[in-house]
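Order of the sequence lines sets the chain letters (A, B, ...), proteins ahead of strands, with each chain counted from 1. Quick note: numbers below take in every heavy atom, side chains included, and nothing from hydrogens, waters or symmetry partners.
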Amino acid sequence: MIKVTLKDGSVKEYEAGTTVMQVAESISAGLARVALAAEIDGEVKELSTVLDKDCSLNLLTFDSEGGKHAFRHTASHVMAQAVKRLYPNAKLAIGPAIDNGFYYDFEIDKTFTSEDLEKIEKEMEKIVKEDLPLERYTLPRAEAIKFMEEKGEPYKVELIRDLPEDATISFYKQGDFTDLCAGPHVPSTGKIKAFKLTQIAGAYWRGNEKNKMLQRIYGTAFAKKNELEEYLAMIEEAKKRDHNKIGRELDYFTTVDYIGQGLPILMPKGAKVIQILQRFVEDEEERRGYLLTKTPFMAKRELYKISGHWDHYRDGMFVMGDPKSFEDPNAEIFALRPMTCPFQFQVYLAHLRSYRDLPMRFNETSTLFRNESSGEMHGLIRVRQFTISEGHLACMPEQLEEEFAGCVNLALFMLKAVGLDGDVSYRFSKWDPNDKKKYIGTEEQWNEVQGRMREILNDLKIPYTEADGEAAFYGPKLDIQIKNVFGKEDTLITVQIDFLLAEKYGMVYVDRDGQKKYPYVIHRTSIGCYERTLALLIEKYAGALPIWLAPVQVKLLPIIDKQHGYAKKVCDKLQSYGLRVETDLRNEKIGYKIREAQMEKVPYMLVIGDKEMENGQVAVRSRKEGDLGPMPLDKFIEKITEEVRNRVL
RNA sequence: GCCAACUUGGCUCAGUCGGUAGAGCAGCGCAUUCGUAAUGCGCAGGUCGCCGGUUCGAAUCCGGCAGUUGGCUCCA
């Protein structure tokens, strides 16, 4: 007999050799029906797993991450089986479960179309109906390779060859289809009742652009039909908030073909929001001891050579002049700046610094130029010219923690002010010890500074995840990540510790002992790039920006032209309080004016008719709450200025 | 850069088998002076993204380029 400890802590005894499924059945038929996989001593396994020793057991349904994962992973096998039935010469690559679904990569000489997806879905439905059991078995390495060679699956052969010598090589068979796979899977294809293939995309084999591009089919799957429908509806809703669509509709920005890709035009409304944010950021930074700088937008290549940027990132820079002269060491070559660091370092270098000067904090509203590849541009999120709330701090080792914490706190303050604090995640971006060429500095240096950064992050109690290979070439980063409406993640804010560039640029301070020493440099942004931040704010609020950021805060709507004089007085008074006001003097009905103001997402509409004119009132309509009725103008001013002051979201 | 889809008046979109472009909204004019999400009538507006090819004839078919979108790769 073996002892099985269940999730609720209860311990049950079973014969050795009992399967997980039998345990589930012994608990309840209902549980056995919805169980998809099981966590055995912390490892996710399938329900057919035989229990032969004491263990802890947690049965997983679709509501758990492990359950979802097994379910969607099985859905990807069902899709691959359908593709193989319809297109036998398709070669299988990989097909994992991902965040909201699954994909499978194929090599095939035809191009998949949306009609093909429908056909594949139909075939998948058949496979689900056939309710094929998934059977796991293992093969020794040589046999596994032979098996996949005979099947004509070169990608699978490559995957097996790359497995460690002692790896267990497992296969899953469902009817006429067998795939190399570590599992786990749900018991049979009949479980996958609600699924949808969502898109076709190209993807490089093993994520390397030097490899062949395969065709990837994305899909999603749910335990219930209505959950799938809800999910698809949610995706559609999210797309309606796409900043690229409403940002243009609401006149925040536009693009012009002959200006070029990744070079958006900020319209008056977009420019206004960015101006408000910039002033807010610069004022707050000044309060926190930052010194504002303004440095040139371009420099001779020598400046970038010192840092290593010229060698690391020349392809991504806009270098001016004849490319043939770039290799001529005597030519004078200028390049637009892709980052601010070496420019702002010159401010530090202008004087010999003492330990008494440190920490020094420099900020700059800095416009940068990066020659992003053509496929990378996206609305305002990824562009070729952007303006970042940039800053660099120089400090002594014993000041590092406090200064880093200060930067993080400033970033969190900004996020809270714009209401994005609940939408971000934190990533501790480290170097890739297996790809040292990409970085400068030694392994010892990296280990030391990453160790310090981890301590600081832990002290700050930031819930971060760690990522190898995401560091800057000169140091580790805390990246504050955010997802756009398509679920794609981007870095909004970053705080980086740099222990290498000070030395390259000869930045020193004279310490108490009279010795010249290199300071730590923190590269940081407080609210990120204004264009990107604006984009995410538009998506977060579906265009209805918080009142303190709204480009137009109040719209005055006189009912007939008799009230235009009073409207002008109201407008002047509101503007004298620093409020952003527009007046709609057109000869249109009030319902029409309200509809337009509402669609423009103006926070407050003030309807002005005879009654208001006579009583010194305004009839207030909120974009959120609708008609609030008339109130004295002074009372409205009190209300709105307080909301602006408190940055009500 | 790679894979794919898309590009028709300011915007959203129609446009069958290739026969020479149509609607709604916006704009302009006139009438209407109106109380919380669209007043009526009229007018104007397009070498169908650009370049080339096939054809008697191209928005429609083919090729190239540009831009937009999703994905991959990249992101100092």
Q: Within the 4.0 Å heavy-atom criterion, would you say A/Asp561 contacts the bases, only the backbone, or no part of the nucleic acid?
A: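 If one applies the 4.0 Å heavy-atom cut-off, A/Asp561 turns out to touch a base.
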Q: Taking the P atom in each of B/C62 and B/U55, what is the distance between them to the nearest angstrom?
A: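 Per the computed distance, 16 Å lies between those P atoms.
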Q: So what does A/Ser307 touch, heavy atoms closer than 4.0 Å: a base, only the sugar-phosphate, or nothing?
A: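 No contact.
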Q: Hey, does A/Ile559 reach any base, or is it just sugar-phosphate, or nothing, if we go heavy atoms under 4.0 Å?
A: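 Answer is base: heavy atoms of A/Ile559 come under 4.0 Å of a base.
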Q: Within the structure shown, what part of the strands sits under 4.0 Å from A/Lys611 by heavy-atom distance: base, sugar-phosphate, or nothing?
A: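 Base, at least one base heavy atom under 4.0 Å.
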Q: In the 5'-to-3' direction, what one-character label does each nucleotide of nucleotides 70-76 of chain B receive under the scheme B = base within less than 4.0 Å of a protein heavy atom, S = sugar-phosphate only, - = no such atom?
A: SBBBBBB
Q: Calculate the interatomic distance between A/Ile246 atom CD1 and B/U68 atom P; express it in whole Å.
A: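 Distance check: A/Ile246 CD1 to B/U68 P gives 19 Å.
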Q: In this structure, is the centre-to-centre distance between the rings of A/Phe106 and A/Tyr104 below 6.0 Å?
A: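 They qualify: ring centres under 6.0 Å apart.
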Q: Are A/Glu364 and A/Thr295 linked by a side-chain donor-acceptor pair shorter than 3.5 Å?
A: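 Yes, a side-chain donor-acceptor pair sits under 3.5 Å.
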Q: Report the base-pairing partner of B/A66 (Watson-Crick or G-U wobble, both distances below 3.5 angstrom), or none.
A: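 Pair assignment: B/A66 / B/U7.
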Q: What distance, rounded to whole Å, do you find between the two P atoms, one in B/G42 and one in B/C51?
A: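 The answer is 37 Å between these two P atoms.
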Q: Consider ring-ring contact (aromatic ring centres under 6.0 Å, His included). Of A/Tyr518, A/Tyr474, A/Trp446, A/Tyr520, which one does A/Phe499 pass it with?
A: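 Result: among A/Tyr518, A/Tyr474, A/Trp446, A/Tyr520, A/Trp446 is the only option passing the ring-ring contact (aromatic ring centres under 6.0 Å, His included) with A/Phe499.
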Q: Quick one: which of B/A26, B/U36, B/G1 gets closest to the side chain of A/Ser374?
A: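 It is B/G1.
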Q: Roughly, in whole Å, what's the span from CZ in A/Arg586 to C1' in B/A31?
A: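 Computing the A/Arg586:CZ to B/A31:C1' distance gives 18 Å.
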Q: My understanding is that only residues two or more places apart in sequence, or in another chain, count here; which of them pass side chain to side chain donor-acceptor pair (under 3.5 Å) with A/Lys438?
A: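 Counting only residues at least two positions away or on another chain, A/Lys438 forms no side chain to side chain donor-acceptor pair (under 3.5 Å).
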Q: Using a 4.0 Å heavy-atom cut-off, does A/Ala597 contact any base of the nucleic acid, only the sugar-phosphate backbone, or nothing at all?
A: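 No contact.
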Q: Which value, in whole Å, describes the distance between the P atoms of nucleotides B/U20 and B/G57?
A: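 Comparing P positions in B/U20 and B/G57 gives a spacing of 15 Å.
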Q: Quick check for you: among B/U68, B/A37, B/G27, whose closest atom lies nearest to any side-chain atom of A/Arg248?
A: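 Of all the options, the side chain of A/Arg248 is nearest to B/U68.
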Q: Look at all strands and tell whether A/Arg337 reaches a base, only sugar-phosphate, or nothing, counting heavy atoms closer than 4.0 Å.
A: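 It contacts nothing in the nucleic acid.
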Q: Does a sphere of radius 6.0 Å around NZ in A/Lys483 hold more than 12 heavy atoms from other residues, nucleotides or ligands, not counting ones at 6.0 Å or beyond?
A: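 Result for NZ/A/Lys483: open.
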Q: Can you tell me how far P in B/C13 sits from the matching atom in B/G18, rounded to whole Å?
A: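 The same atom, P, in both gives a distance of 25 Å.
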Q: Can A/Lys269 and A/Glu582 be counted as an ion pair, charged N to O under 4.0 angstrom?
A: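 Result for this pair is no, no salt bridge flagged.
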Q: Select base, sugar-phosphate, or nothing to describe what A/Gly591 touches, counting heavy atoms under 4.0 Å on all strands.
A: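 Since only primed, P, OP1 and OP2 atoms lie under 4.0 Å of A/Gly591, the category is sugar-phosphate.
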Q: Taking any heavy-atom pair under 4.0 Å as a contact, classify A/Glu612: base, sugar-phosphate, or nothing.
A: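 Base: the residue A/Glu612, judged by heavy atoms under 4.0 Å, touches a nucleobase.
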Q: Say we look at B/A5 and B/A23: how far apart would their P atoms be, to the nearest angstrom?
A: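 Rounded to whole Å, the distance is 32 Å.
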Q: Does A/Lys555 come within less than 4.0 Å of A/Glu596, counting only side-chain N to carboxylate O?
A: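 Looking at A/Lys555 and A/Glu596, the cut-off is not met.
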Q: Can you tell me how far C1' of B/A26 sits from CE of A/Met599, to the nearest Å?
A: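 Interatomic distance, CE of A/Met599 to C1' of B/A26: 10 Å.
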Q: Tell me whether the side-chain N/O atoms of A/Tyr592 come closer than 4.0 Å to OP1 or OP2 in B/C25.
A: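 Answer is no, no contact under 4.0 Å.
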Q: Using a strict 4.0 Å threshold on nitrogen-to-oxygen distance, state whether A/Glu236 and A/Lys240 make a salt bridge.
A: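 A salt bridge is absent here (no side-chain N lies under 4.0 Å from a carboxylate O).
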Q: Can you tell me the base-pairing partner of B/U39? Count Watson-Crick or G-U wobble geometry only, both distances below 3.5 Å, and say none if there is no partner.
A: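 Across any shown strand, B/U39 pairs with B/A31.
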Q: So which nucleotide does B/G19 pair with, by the Watson-Crick or G-U wobble rule with both distances under 3.5 Å?
A: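 Pairing partner: B/C56.
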Q: Would you mind reading off the distance between A/Arg595 atom CZ and B/U39 atom C1', rounded to a whole angstrom?
A: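 My rounded result for the distance is 14 Å.
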Q: Could you please name the option among B/U69, B/U36, B/A38 that lies closest to any side-chain atom of A/Val607?
A: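 The answer is B/U36, which lies nearest to the side chain.
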Q: Can you tell me how far P in B/U12 sits from the matching atom in B/A58, rounded to whole Å?
A: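 Comparing P positions in B/U12 and B/A58 gives a spacing of 28 Å.
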Q: To the nearest Å, how far apart are A/Ile608 CD1 and B/C34 P?
A: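 From A/Ile608 CD1 to B/C34 P: 17 Å.
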Q: Does the side chain of A/Arg532 come under 3.5 Å of the side chain of A/Thr491 through a donor N or O and an acceptor N or O?
A: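 Side-chain D/A pair, A/Arg532 to A/Thr491: absent.
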Q: How would you label the contact of A/Glu588 with the nucleic acid (heavy atoms, under 4.0 Å): base, sugar-phosphate, or nothing?
A: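 A/Glu588: base contact, heavy atoms under 4.0 Å.
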